[in-house]
There are 2 protein chains.
Amino acid sequence: MATIKDVASKAGVAVSTVSRVINSSGYVGEETKKRVLNAMKELRFRPSHIARGLVSGKTYTIGLIIPDIANPFFPEIARGVEDEAIKNNFNVILCNSDWKIDREKMYLSLLLEKWCDGVIIVGSRSEEIDLLRTLGDLPFVSMDRDISSAGHSVWVDNVLGGYTATKHLYSMGYRHVIHISGPLNAPSAVARRKGYELAVKEFALQSPVVVESDYRKSGGFTAVMSILDDSSKERFDAVFAGNDLMAIGVLHAANDRGICIGEELGVIGYDGIPESEDTFPSLTTMFQPGYEMGRRACELLLSEIATPSSRLIKEVFKAELKIRKSTKRS
Amino acid sequence: MATIKDVASKAGVAVSTVSRVINSSGYVGEETKKRVLNAMKELRFRPSHIARGLVSGKTYTIGLIIPDIANPFFPEIARGVEDEAIKNNFNVILCNSDWKIDREKMYLSLLLEKWCDGVIIVGSRSEEIDLLRTLGDLPFVSMDRDISSAGHSVWVDNVLGGYTATKHLYSMGYRHVIHISGPLNAPSAVARRKGYELAVKEFALQSPVVVESDYRKSGGFTAVMSILDDSSKERFDAVFAGNDLMAIGVLHAANDRGICIGEELGVIGYDGIPESEDTFPSLTTMFQPGYEMGRRACELLLSEIATPSSRLIKEVFKAELKIRKSTKRS
DNA sequence: TTGTACGCGTTATCAT
DNA sequence: ATGATAACGCGTACAA
């Protein structure tokens with residue numbers, strides 16, 4: 001790789017002159033400029049961001065720590081983040097934490113050592129205090145988590161979402177709504193459950209029935225199956241699943257048992273992953289605008305990087321009810 | 001951020017001693033070592049990968065250029081790449097090219113300037129010669145593309161896959177198989193079509209019928225609809241879609257028209273995205289082991305980075321036929 | 001066993 | 001308008 005020095009000697013000027021040409025800072029004579037530009041072309045010169053970074057302390061790189069890019073809700077977020085980043089000449093380092101606290105920490109260390117300019121953390125389950133300790137004063141934005149005492153945050157109102165989902169089921173005529181929740185160490189799962197409970201108290205005489213699961217298809221499947229098989233459990237005619245993946249598991253279970261979804265059993269999910277349109281029957285869900293959330297989170301992060309501010313922004317999105325066939329009685 | 005200098009003065013030693021402790025290279029007295037370690041803790045010292053990189057020329061970062069992380073086949077690959085990378089202390093920079101040649105080029109430039117140690121390029125549509133020109137001697141692995149005169153490559157045998165898919169349809173009793181292909185500037189689409197044509201020639205009297213589309217749900221949908229509406233077109237009783245997304249579009253179209261999939265119309269897709277299990281009816285497809293392919297591509301890249309070799313490895317995976325309900329007559 | 005000094009590629013400050 | 005040089009944080013010969 002050709003360096004600025006090579007360019008300088010080839011053009012017969014000093015490195016500082018070349019630097020001025022590259023950054024178009026300071027005075028450079030027309031003639032000299034041409035010579036330098038030519039030398040750059042011929043040597044296929046590329047300025048080193050590494051050396052630049054060492055001087056400036058900026059790397060134009062941010063970290064994105066998400067639980068699992070292979071989990072269908074996250075690619076949308078990642079895409080939103082990356083689009084906004086590249087628009088501003090930033091790159092994104094992808095980190096999959098698997099919801100593991102120590103993996104999060106490990107990635108944070110690496111990102112810190114690589115002097116990345118900021119981090120977006122999605123769905124962290126770490127203690128906030130621990131996060132802040134290792135982050136130091138690195139700009140960051142947290143997503144999918146309702147609280148944050150430092151750094152901006154972007155989330156959807158999951159209590160409202162859970163409430164809306166449950167309310168929708170009652171409004172469609174279902175009377176015994178159970179909830180299959182995500183793992184209750186996930187803030188989002190806790191919030192959605194809370195929304196569910198609120199709605200149950202408001203609209204029904206039943207008491208809340210919550211089964212904790214794992215946000216996965218298989219989890220939704222077995223959760224429903226076990227309730228179906230346990231005759232001691234109450235009857236139910238609708239389920240609010242904590243996310244779409246589990247809802248799809250529920251769909252499978254019901255199909256296997258010959259239960260007619262919609263008619264006999266109402267099912268609503270959460271997330272609005274693309275797949276929810278293509279299930280049988282199509283899945284009613286609470287759509288989260290993942291792309292836009294990711295984009296916005298990145299926007300906030302970049303503005304924080306550009307000009308640190310003391311004001312904390314908490315951006316709250318609303319999940320949007322998408323009514324489809326899994327909650328319709330024909 | 002504390003530097004190696006700060007640690008040195010705090011511990012009352014020279015920077016080189018600290019450096020030796022960090023890298024456990026060279027001799028360091030037990031007592032000194034302890035003092036240095038303590039100083040590091042107290043100062044929360046983190047070695048700068050940037051400075052290291054400038055010296056060593058290595059950044060422990062690779063680039064992953066894929067068309068679109070939000071497209072359901074790619075997250076699996078990305079996850080495989082990232083898992084293998086982090087296992088070796090490498091980070092992955094995520095780049096979405098949208099199949100655009102100039103975006104690929106732009107990302108390559110950035111990655112080059114950031115001195116990343118290597119690149120994995122998935123589904124590139126650039127001219128090979130152009131790629132090689134801008135890549136220079138940067139180690140790289142190309143995926144999902146059948147040829148490569150420099151750098152390793154990982155792909156699935158799409159001709160075989162297309163052949164197998166088509167053959168399966170005939171073996172299930174369908175007689176008029178049409179093909180909805182991906183965009184024919186995509187090498188994968190061309191190869192799959194070729195496999196289709198081979199099978200048609202071998203197993204049927206009909207001539208091949210190919211409709212070019214765009215690898216998207218809506219593309220599959222409209223492609224089928226237009227054929228259905230065009231009475232001049234031949235009749236068909238099965239379709240091999242170039243990927244699962246388009247196959248899902250076909251499913252929707254057939255459902256809309258009241259065509260019984262499986263019975264009246266056989267449908268097979270390609271990719272084996274998670275969603276293909278949950279459609280109605282479940283989608284027969286050619287499964288590509290995305291995770292494993294990504295993992296392997298990264299493995300190849302890292303070994304190339306560690307010890308450059310002249311030997312070019314071409315790793316060919318096979319797509320696996322997953323028989324489900326969309327190709328079954330009951 | 002430990003310290004000194006140079007170099008990595010670049011920017012920025014100061015002279016010229 | 002241009003050139004010389006220190007500095008960024010670290011690794012590494014080489015000297016002590």
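In what follows, chains are A, B, ... by sequence order, proteins preceding strands, each numbered from 1. No hydrogens, no waters, no symmetry mates; every other heavy atom, side chains included, goes into these values.
- In this structure, CD1 of A:Ile22 is placed 14 Å from C1' of C:dA12, rounded to the nearest angstrom.
- A distance of 4.0 Å separates CD1 of A:Ile22 from CZ of A:Phe45, quoted to the nearest 0.5 Å.
- Judged by distance alone with a 3.5 Å cut-off, a donor-acceptor contact links the side chain of A:Ser16 to the base of D:dG3.
- A:Glu113 and B:Ser48 share no donor-acceptor pair across their side chains, judged by distance under 3.5 Å alone.
- Counting to the nearest Å, the P atom of D:dC10 and the NZ atom of B:Lys58 are 19 Å from each other.
- With hydrogens and angles left out, the side chain of A:Arg20 and the base of D:dG3 share a donor-acceptor pair within 3.5 Å.
- The existence of a salt bridge linking B:Asp98 and A:Arg79 is confirmed by a sub-4.0 Å separation between a basic side-chain nitrogen and an acidic carboxylate oxygen.
- Distances were taken from every side-chain heavy atom of A:Val15 (C-beta onward) to each of C:dG9, D:dT5, C:dA5; the shortest belongs to D:dT5.
- Across all strands, A:Ser25 comes closer than 4.0 Å to no nucleic acid atom at all (heavy-atom distances).
- Taking atom NZ on B:Lys5 and atom P on D:dC10, their separation rounds to 10 Å, with Å as the unit.
- Side-chain N/O atoms of B:Arg52 include one lying less than 4.0 angstrom from OP1 or OP2 on D:dG11.
- In this structure, A:Lys105 is not positioned above the aromatic face of A:Tyr107 in the sense of NZ or CZ being under 6.0 Å from the six-membered ring centre and within 45° of the axis.
- Between A:Ser19 and C:dT11 there is a side-chain polar atom (N or O) within less than 4.0 angstrom of OP1 or OP2.
- Remark on DNA chain C: of its neighbouring residues B:Gly29 and B:Trp115, the 5'-side contact belongs to B:Gly29, judged by nearest-heavy-atom nucleotide.
- Here B:Ser56 lies out of heavy-atom contact (under 4.0 Å) with every strand.
- Of the two residues near DNA chain C, B:Ala51 and B:Val28, the one whose nearest nucleotide lies more 5' is B:Val28.
- Atom CG in B:Asn23 sits roughly 9 Å away from atom C1' in D:dC10 (whole-Å rounding).
- Here the P atom of nucleotide C:dT10 and the NE2 atom of A:His49 are 11 Å apart, to the nearest Å.
- The distance between atom CD of B:Glu31 and atom C1' of C:dT2, rounded to the nearest whole Å, is 14 Å.
- A salt bridge links A:Glu299 and A:Arg296; the closest N-O separation between the charged side-chain nitrogens and carboxylate oxygens is under 4.0 Å.
- Comparing C:dT4, C:dG9, C:dT1 against the side chain of B:Ala14 picks out C:dT4 as the nearest.
- Side-chain N/O atoms of B:Ser153 and B:Glu315 include no donor and acceptor closer than 3.5 Å.
- B:Val18 comes within 4.0 angstrom of nothing in the nucleic acid, heavy atoms only.
- When distances are taken from the side chain of A:Phe45 to each of C:dT1, C:dG9, C:dT10, the shortest belongs to C:dT10.
- Rounded to a whole Å, the CG atom of B:Leu54 is 13 Å from the P atom of D:dT12.
- Candidate nucleotides C:dG9, C:dT2, D:dC10 were compared by shortest atom distance to the side chain of B:Val55, and D:dC10 ranks first.
- Atom P of nucleotide D:dC10 and atom CE of B:Met1 are separated by 10 Å, given to the nearest angstrom.
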